[in-house]
2 protein chains.
Amino acid sequence: MKDVAQHAGVSTATVSRVLNGHAAPTPETRERVLAAIEELGYRPNALARSLRTTSTQTLGLVISDLLNPFFAEIARAVEDEARSHGYCVVIGNADESAEQEATYVRTLLDRRVDGLLLCPATDDPSLVREVSAGGVPLVLLDRTVRGATCPVVRADGSEALTALARRLVGAGHTRIGVIAGPPNTSTGRERTDVLTGALGGLAQVVHGDFRQESGSQAAARLIDDGATALVAMDNLMGLGALGEVRARGLQIPHDIAFAVFDDQPWFPLLDPPITVIAQPTVEMGKAAARSLLALIDGRQPDDVRLTAKLVLRGSLGEAEL
Amino acid sequence: MKDVAQHAGVSTATVSRVLNGHAAPTPETRERVLAAIEELGYRPNALARSLRTTSTQTLGLVISDLLNPFFAEIARAVEDEARSHGYCVVIGNADESAEQEATYVRTLLDRRVDGLLLCPATDDPSLVREVSAGGVPLVLLDRTVRGATCPVVRADGSEALTALARRLVGAGHTRIGVIAGPPNTSTGRERTDVLTGALGGLAQVVHGDFRQESGSQAAARLIDDGATALVAMDNLMGLGALGEVRARGLQIPHDIAFAVFDDQPWFPLLDPPITVIAQPTVEMGKAAARSLLALIDGRQPDDVRLTAKLVLRGSLGEAEL
DNA sequence: GAGCAGTAGTTAATCGATTACACATGTATC
DNA sequence: GATACATGTGTAATCGATTAACTACTGCTC
């Protein structure tokens, strides 16, 4: 910057004003400065700028698993929305581990992100409290924690799950296997509660960990126990469960009905196409980013609850008639 | 930091020394400083530290599309490897647009990442030159550019493609549709060249853009032109093409043989399971991160070429006998 | 022509860390 | 007892920007 100033025959203050569009420099000075910048190929040091202004124009996003297309889509949406407002997004991968999540959150805070989006790995509120205590704007995404005091953006699957339950019961299923998420996550618990509630006593629940492998194992147990229908509570466990169904040579929907919470582009390609509860992922990501930006702006955004929808495709068999 | 120093009755220099494990402070002073840090809940400002040390312990990764599971997996692997060496990764989404790619690269440079991993959207070397001119360590991943002067990490699919071609020809296919990547990407061009070369005059090539939609369109044209086999050059175009095949009610492999470059966890679940050329994505990501860290370390890593493998699963029909 | 307002630009403090150098103290050597 | 050397800590410059406070100049009014 000093070089640029010297080159243009002005002070660094003037260069800074040109750079930030401040209300001072003569058009003529402006030109000279811009020419010098161009000539020297100068680029301002964002670190120094941020140190001085205490604003990094960066949002932190900590998610459970980048490999989960659900989160990848969310990340993508957050990023799009943030960029359109001049913000960058730094993504942290917590790998469904509370410990790694905490590490990442702290790293992002140390780097002074202007705000944080968090998909909490567990519903333990201590990390959230820590962030809030630091005064950093925080929005929870997809999942919440006990006694959350910050805005939350999530999808509401109650209606869809109830509708799904009604169909399964109506079709005469009496042993319905539910491959649930971990009970210490809000989504894991709530989805399962709603579904099992709506199924009356017909549900058999096995908990997985939102990963593929746990899906196959849970499916194996449930099938062994005589389930005639399977509902997986997220797409990765759904993938695992499908693998198990295939491995056993069972036909969907003839031998077993099948549904998944979360849609994926390839579900329609299976034979039969898989019935799902689709979450508005892109909307969730965008809404969360908007809430966070509002918070950074000093406004107080409301919680956002978007609706997940049941999409019938055929894998439930007669339940879809 | 000043507060901590005051609290512990020492100077900021000593606090800094304790923080960085420097070879000076007395165990007793150390304790006092650590106690003060604990008590005040002090966390060092990474921006200030980076400004002073000119090291951010951060790598930049610019990829074409986070929603493409291939890149998501790479991102994940890069991140793992980087973290295990104490580095963070900032991911930028170029969306297959050269312009957005350039914007992102510059943003990352402005933030003074210690090094950059780039999956270039086109084979135009100007951006790479710009980065190199800035003296920032750079490694290319998956794709290269014309006359690249930096380390490149990629997968070599020649053998696999040749083997695939041999099988298709051997099975008597005479109109083989190739859904190719954009000709201005190194992977798009090379894979297509190898395959069409190996197919003699039997290939019909339609170029897509590595996205799902272009895959369906290309498939539609090729099927209209009488193709009896389809090979998609990446997983997203493969997904699109599969959709088109299904939409037309064609049976794989009876009506049409099908193969995709890139594996996906759900390919084995289709009926029949899809034959693919699998790239060692995790290895690619890790290798790239390692190369970049070596470069940052002042060493000169060699290019890395990993081998992609043909995985036969049944979607080629008699070509697999 | 003195006084005042307005404009363009400079000087220097500041953000929060790191680190070269200086200094004080204690120990070993002759 | 003087000299040398090691050790632990403090002082202050520095990284590269922003910006409040100040100065210099121009032009206008009375």
Answer with base, sugar-phosphate or nothing: what part of the nucleic acid does B:V15 contact at a heavy-atom distance below 4.0 Å?
nothing
Shortest non-hydrogen pair, A:A288 vs A:L141, comes out as CB-CD1, 3.7 Å
D:dT9 OP1/OP2 closer than 4.0 Å to side-chain N/O of B:T29
yes
Interface with DNA chain D, restricted to residues 50-57 of chain B and to heavy atoms under 4.0 Å
B:L51, B:R52
Would you please confirm or rule out a distance under 4.0 Å between OP1 or OP2 of D:dC15 and any side-chain N or O of A:N45?
no
Between D:dT19, D:dA17, D:dG10, which one does the side chain of A:M1 approach most closely?
D:dA17
Taking CD1 from B:I37 and C1' from C:dG16, how many angstroms apart are they, rounded to a whole number?
14 Å
If you measure only the distance, is there a donor-acceptor pair under 3.5 Å linking the side chains of A:S126 and A:D124?
yes
Checking side-chain contact (heavy atoms from CB on, under 4.5 Å) for the pair A:V10/A:V18: CA distance, chi angles, key distance, verdict?
CA-CA 11 Å; A:V10 297; A:V18 170; over 6 Å; no
Just how far, in rounded Å, is P of C:dA17 from CG of B:L19?
8 Å
Could you tell me how far apart B:R43 (CZ) and C:dG16 (C1') are, to the nearest whole angstrom?
15 Å
5'-most by nearest nucleotide on DNA chain D - B:V10 or A:P44
B:V10
Calculate the interatomic distance between A:R17 atom CZ and C:dT11 atom P; express it in whole Å.
12 Å
Do the side-chain N and O atoms of A:T58 and B:R111 include a donor-acceptor pair separated by under 3.5 angstrom?
yes
Nearest to side-chain heavy atoms of A:T14, which nucleotide of C:dT18, D:dG10, C:dT10:
C:dT10
Whole-Å distance separating the CG atom of A:L47 from the P atom of D:dC15
15 Å
Phosphate contact (C:dT10 OP1 or OP2) by A:T12 side-chain N/O below 4.0 Å:
no
Taking every heavy atom of B:T56 against every heavy atom of B:R112, the minimum-distance pair comes out as OG1-O, 2.8 Å
Starting at atom NZ of A:K2, determine the distance to atom C1' of D:dA17, rounded to an integer number of angstrom.
11 Å
Heavy-atom closest contact (A:V282 atom, A:A77 atom, distance):
O-CB, 3.4 Å
Provide, to the nearest angstrom, the distance between the CZ atom belonging to A:R32 and the P atom belonging to C:dG9.
7 Å
More than 12 heavy atoms of other residues, nucleotides or ligands under 6.0 Å from CZ of A:R129: is that the case?
no
Would you classify B:T26 as touching base, sugar-phosphate or nothing, given that sugar-phosphate means primed atoms plus P, OP1 and OP2, and contacts are heavy atoms under 4.0 Å?
sugar-phosphate
Given atom CD of B:Q6 and atom P of D:dT11, what is their separation to the nearest angstrom?
12 Å
Among the nucleotides D:dT9, C:dT18, D:dT19, whichever has the atom closest to the side chain of B:S16 is C:dT18
